[in-house]
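Notes follow once the structure below has been shown.
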Amino acid sequence: MMRNARIVSVVIVLIGILLGAFVVLSEKEDSRFSGFAFKYGLDLSGGTQLIYNADTSEVAPEEVEDSMSALRDVIERRVNLFGVSEPRVQVEKGGLAGGENRLIVELPGVTDINEAIAMIGETPVLEFRLRKDESELEIDQSQLEGLNINEGTSEGETTEGESSEGSQNGTTAELELSPEDLYEKTELTGRYVKSASVQFDQTTGEPIVNIRFNSEGRDLFAEITRDNVGEVLAIFLDGEVISTPVIREEIPTGEAVISGQFTPEEARKLARDLSFGALPVPIELVSTNSVGPILGQQVLDDGVSAGIIGFALILGFMIVWYRLPGIVAAVALVFYTLVMLSLFKLIPVTLTASGIAAFILSVGMAVDANVIIFERIKEELQSGKGSLGAIQDGFDRAWPAVRDANLSSLISAVVLFYFGSSIVQGFALVFGIGVLVSMISALVVTKTFLYAVSSEKHSESKRKMFASGFSK
């Protein structure tokens with residue numbers, strides 16, 4: 001056992017050396033690993049701020065807050081699907097009471113304004129509108145002459161297909177009137193889209209976008225198609241009519257097709273944007289700014305220096321107090337740190353003040369696990385066992401406490417990640433990864449090293465090396 005442990009220990013040390021080289025080399029601009037350099041959050045390195053005005057004029061007053069919350073969530077998904085790049089996305093009321101609703105997006109580390117706008121992407125607003133009856137049109141009867149009321153056609157059980165002739169005639173006629181005159185809005189919008197994909201029409205070969213609604217949208221779509229059989233349900237994208245199908249029957253499946261003479265690239269782009277989230281309300285970019293670091297480079301440098309000093313003091317305490325096991329713990333903690341820094345680069349994780357705090361907190365969890373293990377080993381040694389037996393039984397006794405402590409921390413991390421905003425999610429992600437890695441470090445790396453320096457023979461010198469504190 002001890003021979004195998006020593007071989008594994010050498011492998012772990014070699015891996016640690018390679019990880020250390022990767023962490024250092026990836027920070028050099030001329031290195032082949034420069035693409036893995038640390039990414040810093042807006043509070044440490046600055047970035048870009050984009051301010052949008054949200055048009056909520058068509059939204060009922062009691063639904064404005066929900067619509068803005070949905071808008072914020074969509075934009076967050078667009079720029080941060082896993083919550084690790086930690087953008088700041090917030091909504092606020094501009095000006096005096098009753099002012100404009102604004103969306104503020106801050107992107108850390110992005111200094112190119114055009115790149116920042118591209119990260120948000122084009123923002124399609126998808127709507128489904130019903131064709132008004134002639135009696136509802138607020139226009140002179142003379143304006144209706146030549147208007148093709150039945151311009152949309154459809155095939156099968158969907159509301160999306162349309163004959164080319166009908167569509168062309170309808171489009172020509174509709175040029176005389178605005179969409180607001182011809183169509184009335186329904187509650188069905190892009191906010192209910194669950195997914196979108198590109199397909200090709202089997203008859204014409206043209207690319208089309210198949211969309212699937214979520215459960216709420218499916219029920220709403222079924223209700224609209226059930227109550228308006230024979231009516232035109234126009235599909236609007238960014239305020240423009242792209243399809244005017246006729247409802248043939250109720251569609252309970254929650255699926256629809258958008259066709260509009262797209263090129264394959266346009267169809268793929270539309271499907272991508274709708275999958276990331278169609279906006280519940282239109283937005284307009286009104287301001288762009290380059291944001292300087294909130295904490296500043298000096299604060300970052302001071303924080304790194306403080307972290308190094310604190311880490312050194314912890315290692316010194318462990319070595320002085322726990323002697324040989326303390327040296328083992330120091331090596332294991334260094335290995336843990338190198339693994340975490342490498343993960344920050346490979347995932348990648350954007351480092352902010354909250355993320356660094358989570359990392360330091362996870363180091364504390366690793367130290368705590370080692371302390372519990374070493375105290376149990378000391379108790380076994382005091383009972384007269386040799387170092388090898390004391391290590392085995394000490395780990396067995398310490399495991400329940402270490403497991404429960406780390407499990408409770410992981411539950412906290414999961415809850416924070418699931419319910420928190422992007423910044424809180426970043427903290428939770430770093431903390432959760434840190435807890436997992438620290439537990440592996442304590443139970444695998446530390447245990448392997450201790451086996452490597454232990455022996456089956458019981459000797460006074462070994463007992464003293466495995467003792468702790470001021471005991472002899």
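The basis for the numbers below is simple: all heavy atoms, side chains too, and nothing from hydrogens, waters or symmetry mates.
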Q: Start with the C-alpha gap between Ile15 and Val11, add the side-chain angles, then the distance that decides, and say whether side-chain contact (heavy atoms from CB on, under 4.5 Å) holds.
A: CA-CA 6 Å; Ile15 293 175; Val11 173; 4.0 Å; yes

Rounded at 0.5 Å granularity, tell me how far [atom1] in [X] sits from [atom2] in [Y].
{"X": "Ile104", "Y": "Asn289", "atom1": "CD1", "atom2": "CG", "answer": "10.0 Å"}
{"X": "Met365", "Y": "Met439", "atom1": "CE", "atom2": "CE", "answer": "9.0 Å"}
{"X": "Asn214", "Y": "Asp219", "atom1": "CG", "atom2": "CG", "answer": "9.0 Å"}
{"X": "Asn101", "Y": "Ile283", "atom1": "CG", "atom2": "CD1", "answer": "12.5 Å"}
{"X": "Leu71", "Y": "Thr56", "atom1": "CG", "atom2": "OG1", "answer": "10.5 Å"}
{"X": "Gln199", "Y": "Ile258", "atom1": "CD", "atom2": "CD1", "answer": "12.0 Å"}

Q | Pair Arg268 + Glu265, salt bridge at N-O below 4.0 Å | A | yes

What I'd like to find out is whether the side chain of [X] reaches to under 4.5 Å of the side chain of [Y], using heavy atoms alone.
{"X": "Phe200", "Y": "Glu206", "value": "no"}
{"X": "Leu341", "Y": "Leu19", "value": "no"}
{"X": "Val334", "Y": "Phe311", "value": "yes"}
{"X": "Ile242", "Y": "Phe262", "value": "yes"}
{"X": "Val23", "Y": "Ser342", "value": "yes"}
{"X": "Val424", "Y": "Phe419", "value": "no"}
{"X": "Leu343", "Y": "Val349", "value": "no"}
{"X": "Ile347", "Y": "Ile433", "value": "yes"}

Looking at every heavy atom in both [X] and [Y], which two are closest together, and how far apart are they?
{"X": "Ile51", "Y": "Leu285", "answer": "O-CD1, 3.6 Å"}
{"X": "Leu443", "Y": "Trp399", "answer": "CD1-CZ3, 2.8 Å"}
{"X": "Pro252", "Y": "Ala222", "answer": "CA-CB, 4.0 Å"}
{"X": "Glu27", "Y": "Ala37", "answer": "OE2-CA, 3.4 Å"}
{"X": "Asn53", "Y": "Arg102", "answer": "OD1-CG, 3.4 Å"}
{"X": "Gly355", "Y": "Val430", "answer": "O-CG1, 3.4 Å"}

Return yes when atom [atom1] of [X] has more than 12 non-hydrogen atoms of other residues, nucleotides or ligands closer than 6.0 Å, and no otherwise.
{"X": "Glu240", "atom1": "CD", "value": "no"}
{"X": "Arg212", "atom1": "CZ", "value": "no"}
{"X": "Glu187", "atom1": "CD", "value": "no"}
{"X": "Glu216", "atom1": "CD", "value": "no"}
{"X": "Lys28", "atom1": "NZ", "value": "no"}
{"X": "Glu266", "atom1": "CD", "value": "yes"}

(Q) Once you measure the plane-to-plane angle for Phe213 and Phe221, does it fall in the parallel (<30°), tilted (30-60°) or perpendicular (>60°) bin? (A) tilted

Q: Could you tell me how the ring of Phe33 sits relative to the ring of Phe36: parallel (under 30°), tilted (30 to 60°) or perpendicular (over 60°)?
A: tilted

Sidechain-backbone polar pair: [X] side chain, [Y] backbone, donor-acceptor under 3.5 Å:
{"X": "Ser408", "Y": "Ala405", "result": "yes"}
{"X": "Ser69", "Y": "Glu65", "result": "yes"}
{"X": "Asn228", "Y": "Glu231", "result": "no"}
{"X": "Ser441", "Y": "Tyr336", "result": "no"}
{"X": "Ser354", "Y": "Phe427", "result": "no"}
{"X": "Gln425", "Y": "Phe417", "result": "yes"}

Q) Checking side-chain contact (heavy atoms from CB on, under 4.5 Å) for the pair Val281/Asp55: CA distance, chi angles, key distance, verdict? A) CA-CA 6 Å; Val281 294; Asp55 181 7; 5.8 Å; no

**Q.** side-chain contact (heavy atoms from CB on, under 4.5 Å) between Thr253 and Arg218, worked out
**A.** CA-CA 7 Å; Thr253 59; Arg218 182 185 64 238; over 6 Å; no

**Q.** Step-by-step side-chain contact (heavy atoms from CB on, under 4.5 Å) determination, Phe128 to Leu220
**A.** CA-CA 11 Å; Phe128 292 80; Leu220 188 57; over 6 Å; no

Q. Does NZ or CZ of Lys132 come closer than 6.0 Å to the centre of the six-membered ring of Tyr183, within 45° of the ring's axis?
A. no

